[in-house]
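Only one structure is covered here, and it is reproduced in the block below.
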Amino acid sequence: MVPGDFDLNSVIERFQSYAPGADTALLTKAYRFSCEGHSAQKRASNEPYFIHCLAVTNVLMDWRLDSATICAGLLHDIMEDTKVTYDDLKADFSEEIANLVAGVTKIERLQFTNLTEFQAENWRKMMLATAKDIRVILIKLADRLHNIRTIHYLPAEDQLRIAQETLTLYAPIADRLGIFATKSELEDLSFAIIEPHIFGEISQSLDKQTEGRDEYLKRFGEHVTERLKKLNVSFRCMSRPKHVYSIYRKMLRQNKNLNEIEDTMGIRLITDTIANCYSILGEMHAAWKPVPNSFTDYIAQPKSNMYQSIHTTVWGPGDTIVEIQIRTEEMHRRAEYGIAAHWKYKLKSHGNVRDKDLEMDLNWLREWLEAAQDLENPAELLETLKTELKVHQIFVFTPRMEVKPLPEGASPVDFAYAVHTDIGNQCMGAKINGKIAKLDSELKNGDICEILVRKNARPNEDWLKFVKTSKARSRIRRFLKDLKSGDKKP
Ligand code: MN
């Protein structure tokens with residue numbers, strides 16, 4: 001039996017709560033299809049496997065995603081775990097849903113083996129490139145979130161591997177997509193497994209501080225409410241959660257131990273309009289002296305992940321330092337749910353909701369995300385948006401599963417030089433995905449390429465006609481030039 005929270009009616013009700021009038025026939029079908037398909041399977045917790053599909057779907061509904069994504073959430077493991085194929089899903093549901101499930105399955109099969117930061121960065125890029133549709137990434141994040149929430153049922157070595165992968169690969173993606181609530185949860189749950197002692201120490205000390213801090217913030221909130229009365233603006237006041245991993249990062253960054261980390265109090269004021277954000281800011285600065293250089297206006301200058309808020313720090317009552325964040329409800333939703341908050345349902349005049357009315361062009365968004373990863377400041381981002389940067393990159397693996405980024409249309413020769421100059425110079429053949437391939441073949445995203453070398457092999461002048469990377473081109477030219485001048489023996 002499926003627990004109450006997760007029965008079909010609850011799923012439909014939850015979906016309709018943010019998509020009123022939406023057609024739920026497909027949702028019902030996906031629910032039953034997944035329940036039946038996974039019926040023989042159990043999780044490590046000994047619960048029915050379907051519970052996992054529902055939990056993932058529930059996270060996707062927290063993010064208020066569209067019906068195709070919700071259906072794909074229910075079906076996300078069906079291709080991996082049962083005999084159901086892409087064509088089955090396309091026929092029974094839709095091409096869109098089949099593509100989403102196939103995308104998740106494809107990412108499932110990418111094995112993350114190398115934890116160096118450089119490789120991790122390439123992996124994250126490749127994941128974004130492989131997904132083709134940002135909704136695939138969102139399903140994958142929801143999947144990982146539920147898996148790490150229930151990880152204690154797995155053997156210790158699996159826990160460690162999954163936690164490391166989550167911290168290095170998935171949490172930064174959640175961060176980039178601006179889904180901070182998920183990012184922090186992924187980080188803290190992973191960190192608790194990787195460094196249990198440090199995690200315990202920090203969270204104990206947080207617990208100890210909580211009592212006094214909560215009391216202070218409650219009183220501070222009352223002062224704020226009193227001050228804002230005369231402005232006649234609607235707002236709500238909430239305290240900010242503290243995350244263990246972010247405190248640990250702060251300790252590393254500032255090279256301090258736990259006692260030396262300043263535990264600043266923080267509140268968040270959420271209001272309805274941008275104008276009100278600035279009126280509230282003015283009132284706060286009038287009431288309490290601001291700490292110099294602490295003010296940052298992310299409303300006027302949004303962060304590259306679209307985060308917006310006003311941050312300031314004041315000396316509150318009793319000369320205690322308090323951080324204040326001011327934002328609108330919409331900014332708050334975006335800060336919690338990031339990219340996911342951008343799916344909006346437009347109500348038709350007759351009150352029906354159609355998935356086609358998604359406000360966001362998904363492909364545009366994906367390209368933007370790929371480009372945004374390499375940018376440090378938001379001003380650059382605006383430039384990117386204007387010029388519609390097109391970076392066409394593919395990711396090719398070595399047989400040891402190290403990933404090399406290459407331009408679209410790159411050949412095994414480009415790949416050989418990307419691995420090492422000597423490999424390029426001694427290259428005499430290649431295998432792509434285990435099959436012998438010509439050296440001028442076009443590599444595709446996700447290919448595994450093996451370079452066949454011979455000690456006395458040498459670059460061929462014809463290679464210059466098809467190589468795409470400047471590295472390959474310059475190394476081939478240099479070798480041929482040295483050859484002519486007699487530095488190298490053929
Ligand atoms: Mn799953």
Side-chain angles (χ1 to χ4, degrees), residues 2-3 5-6 8 11 14 27 29-63 65 67-86 88-89 93 96-112 123-124 127-128 130-155 158-171 173-174 177 179 182-183 185-186 189-190 193 340:
V2 174
D5 228 15
F6 285 128
L8 175 59
V11 171
R14 250 203 106 183
L27 191 61
K29 196 172 168 185
Y31 181 99
R32 297 201 169 121
F33 194 97
S34 169
C35 190
E36 198 153 302
H38 289 293
S39 61
Q41 240 179 308
K42 291 222 155 146
R43 298 202 88 214
S45 63
N46 211 29
E47 288 172 309
Y49 194 85
F50 183 57
I51 295 281
H52 165 68
C53 306
L54 281 172
V56 168
T57 305
N58 244 16
V59 174
L60 297 170
M61 288 196 294
D62 284 342
W63 298 341
L65 293 174
S67 134
T69 315
I70 301 303
C71 291
L74 285 165
L75 299 164
H76 79 273
D77 278 325
I78 208 92
M79 276 174 72
E80 186 72 24
D81 296 342
T82 74
K83 284 182 181 140
V84 173
T85 64
Y86 174 86
D88 296 337
L89 290 178
F93 295 93
E96 188 185 13
I97 292 174
N99 283 339
L100 290 172
V101 176
V104 176
T105 310
K106 208 167 164 190
I107 289 182
E108 201 69 50
R109 290 175 186 160
L110 301 174
Q111 291 259 332
F112 185 59
W123 269 95
R124 290 190 289 260
M127 200 165 136
L128 290 173
T130 307
K132 292 211 175 72
D133 184 328
I134 201 71
R135 293 175 297 177
V136 169
I137 301 283
L138 294 173
I139 297 169
K140 198 58 212 158
L141 281 176
D143 177 56
R144 181 48 61 110
L145 187 60
H146 184 244
N147 282 337
I148 200 133
R149 278 176 182 166
T150 52
I151 199 172
H152 40 277
Y153 293 106
L154 295 181
D158 288 348
Q159 289 191 25
L160 195 61
R161 178 181 53 80
I162 292 171
Q164 268 160 348
E165 189 183 275
T166 304
L167 198 60
T168 341
L169 185 61
Y170 288 91
I173 285 182
L177 298 179
I179 314 171
T182 300
K183 174 213 161 205
E185 192 179 344
L186 290 173
L189 291 172
S190 312
I193 289 161

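In listed order, ligands and their atoms are each counted from 1.
- No donor-acceptor pair under 3.5 Å is formed between the side chain of T105 and the backbone N or O of M79.
- Summary: NE2 is the N/O/S atom of H52 found nearest to the Mn ion (ligand 1).
- Looking only at N/O/S atoms, D77 comes nearest to the Mn ion (ligand 1) through OD2.
- Note on R144 versus E185: no salt bridge recorded, every NZ/NE/NH1/NH2 to OD/OE distance being 4.0 Å or above.
- In the displayed structure, E80 atom CD is contacted under 6.0 Å by more than 12 heavy atoms of other residues, nucleotides or ligands.
- Under 2.8 Å from the Mn ion (ligand 1) lies an N/O/S atom of H76, whether from backbone or side chain.
- At least one side-chain heavy atom of Y170 sits under 4.5 Å from a side-chain heavy atom of K140.
- Between the Mn ion (ligand 1) and the N, O or S atoms of D143, the shortest distance is to OD1.
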